[in-house]
2 protein chains.
Amino acid sequence: MYQLTNSLPYMLNRVGVRMGDLFSRRIAGYSVTLPMYRVMAALWEKGDQRLGDLAAMTTIEISTLSRLIGEMKRRGLVTRTRLKDNARTVAINLTPKGRTLVEELIPIAIHFEEVAVSNFPAKNIVDLKTVLAEIYESLNSIEPEIAEANKARKAAKARG
Amino acid sequence: MYQLTNSLPYMLNRVGVRMGDLFSRRIAGYSVTLPMYRVMAALWEKGDQRLGDLAAMTTIEISTLSRLIGEMKRRGLVTRTRLKDNARTVAINLTPKGRTLVEELIPIAIHFEEVAVSNFPAKNIVDLKTVLAEIYESLNSIEPEIAEANKARKAAKARG
DNA sequence: ACATATCATTTGCAAATGCAATTATTGTTT
DNA sequence: AAACAATAATTGCATTTGCAAATGATATGT
């Protein structure tokens, strides 16, 4: 018997949303939203990124991200500069102010995660992360199947 | 060295969003959005729910859900009836049409999950789900700590 | 019984989101 | 080199979202 509450997408979404919500509230006092933190932490890990790369890294839709970067630039957290050698792309980086801020937030993130998983043996968490990473990879390969199933149904519908 | 891309909230969000996105596209041909599917599957699993219960079960914010139920009622997928004995609450249920539809979608969800995890031993997936469920539970207990850390900082800020 | 508090849901409104179209630049074909 | 295709980012616009306030209903204290 199928149960939504025992399905993987449901469980992932539920824990992900809840964690995001808690952490979001944890950092709200710094006037930083969760997407902003993700962008800064992504840039801290790997600077000089293009918009599309950052979008892939943060799972934020590209037009949303474009506007978010605009706002973060206005706040002096990041720079966004057109490249001279390829002016259709843009390089995004942390400003010193952005770097200082994210380096203040990262320890909070670390502590948050420590507390969240403190009930579990370290090995379980390592395994969990490994499986999550692998599932993410494997999703890429099922994408074609999804698209095809969709197409098949559309065609059937068109036929009546 | 901290890496956003190795942090649990990030990894959860990434896989969760990606899976949701893929499944969303998979069912788009049925003119059903992912939140709608979640509501229907939740009601299929446990009918006669109040708005707040459904919100907790689906992790959809309550006002968003109120409007979503309105739309689904307009489409004839669910009923929303005030109780006679307690008219401030509302009982939400699937209509026959909604039930038929969700019973068409559930096999798709099952297949989707099977494909997504087909590269992994069943035991890994069972373990994964167990840990996810436990983490979700444990998050409830850290909520106070989050609230407190926040308050402490606000107070410090107020002091200057 | 009346005022007040609490609970459950809905709604107003401003902000965030995402798709599609647009702009700007670079790459390719003949 | 001109025309066309492809890539990258931005923007217009309609929809969705979420907080806070409002509404409606029940429970509680005096």
Side-chain angles (χ1 to χ4, degrees), chain A residues 13 16-18 20-25 27-29 31-39 42-43 48-75 78-93 147 150, chain B residues 13 16-18 20-25 27-29 31-39 42-43 48-75 78-93 147 150:
Chain A
N13 178 66
V17 168
R18 192 81 215 291
D21 188 57
L22 283 171
F23 186 65
S24 196
R25 281 152 58 191
I27 64 176
S31 304
V32 174
T33 64
L34 180 58
M36 284 181 187
Y37 168 74
R38 290 218 169 106
V39 166
L43 288 172
D48 218 41
Q49 294 206 60
R50 304 185 311 174
L51 194 65
D53 300 333
L54 252 189
M57 191 166 173
T58 57
T59 330
I60 298 174
E61 205 273 335
I62 201 163
S63 68
T64 301
L65 186 60
S66 177
R67 279 178 271 241
L68 178 61
I69 297 295
E71 169 63 17
M72 292 175 74
K73 183 176 176 177
R74 286 208 313 100
R75 295 196 191 184
V78 300
T79 59
R80 172 174 52 184
T81 45
R82 295 270 172 190
L83 304 185
K84 297 122 214 143
D85 56 325
N86 184 351
R88 74 182 161 192
T89 73
V90 94
I92 301 163
N93 279 286
N150 234 333
Chain B
N13 178 66
V17 169
R18 193 79 215 295
D21 190 56
L22 283 172
F23 187 64
S24 198
R25 281 152 58 193
I27 63 175
S31 304
V32 174
T33 65
L34 181 56
M36 282 179 189
Y37 168 74
R38 289 217 170 107
V39 166
L43 288 174
D48 218 42
Q49 294 206 62
R50 303 186 312 175
L51 194 64
D53 300 332
L54 253 188
M57 191 166 174
T58 58
T59 331
I60 299 174
E61 204 273 338
I62 202 163
S63 67
T64 301
L65 188 60
S66 175
R67 280 179 271 242
L68 178 61
I69 296 295
E71 169 64 17
M72 292 175 74
K73 183 176 177 177
R74 284 207 315 97
R75 296 196 190 184
V78 300
T79 58
R80 171 173 51 184
T81 43
R82 294 270 172 189
L83 304 184
K84 296 126 214 139
D85 55 325
N86 183 351
R88 76 183 163 192
T89 72
V90 95
I92 301 163
N93 277 287
N150 234 334

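Note that this is a predicted model, so its numbers are computed, not measured. We name chains A, B, ... by the order of the sequence lines, and we start the count at 1 in each one.
For D21(A), the salt bridge (charged side-chain N to carboxylate O under 4.0 Å, His left out) criterion is met by R25(A), not counting sequence neighbours. Residues that satisfy the salt bridge (charged side-chain N to carboxylate O under 4.0 Å, His left out) test with E71(A), not counting sequence neighbours, are R74(A), R75(A). Taking D53(B) as the reference, R50(B) meet the salt bridge (charged side-chain N to carboxylate O under 4.0 Å, His left out) condition, with sequence neighbours excluded. With sequence neighbours excluded, the residues satisfying side-chain contact (heavy atoms from CB on, under 4.5 Å) with V17(A) are N13(A), T59(B). Every residue was checked against the side-chain hydrogen bond (donor to acceptor under 3.5 Å, both in side chains) condition with S66(B), not counting sequence neighbours, and none meets it.
For the segment residues 48-60 of chain A, residues with any heavy atom less than 4.0 angstrom from an atom of DNA chain D are, sorted by number, R50(A), L51(A), G52(A).
In this entry the distance linking CG of L34(B) with P of dT17(D) reads 10 Å, nearest Å. Going from atom CG of L65(A) over to atom C1' of dG18(C) covers 13 Å, rounded to whole Å.
Taking all atoms of both residues into account, the shortest heavy-atom contact from L43(B) to I92(B) is CD2-O, 3.5 Å. Of all heavy-atom pairs spanning V32(B) and Y37(B), the tightest one is CG1-N, 3.7 Å.
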Could you run down the sub-3.5 Å N/O contacts of the protein with nucleotides 22-25 of chain C?
residue, atom, partner, partner atom, Å
dT25(C), O2, R88(A), NH1, 3.2

Quick test: give all pairs of protein nitrogen or oxygen and nucleotides 12-16 of chain C nitrogen or oxygen below 3.5 Å, distance rounded to 0.1 Å.
residue, atom, partner, partner atom, Å
dG12(C), O6, R67(B), NH2, 3.0

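Applying the side-chain hydrogen bond (donor to acceptor under 3.5 Å, both in side chains) definition to pairs two or more places apart or across chains, none involves residues 78-91 of chain B.
Position along DNA chain C of the nearest nucleotide to D85(A) versus E61(A) favours E61(A) as the more 5'-ward residue.
Of the side-chain N and O atoms in T89(B), none sit less than 4.0 angstrom from OP1 or OP2 of dA8(C).
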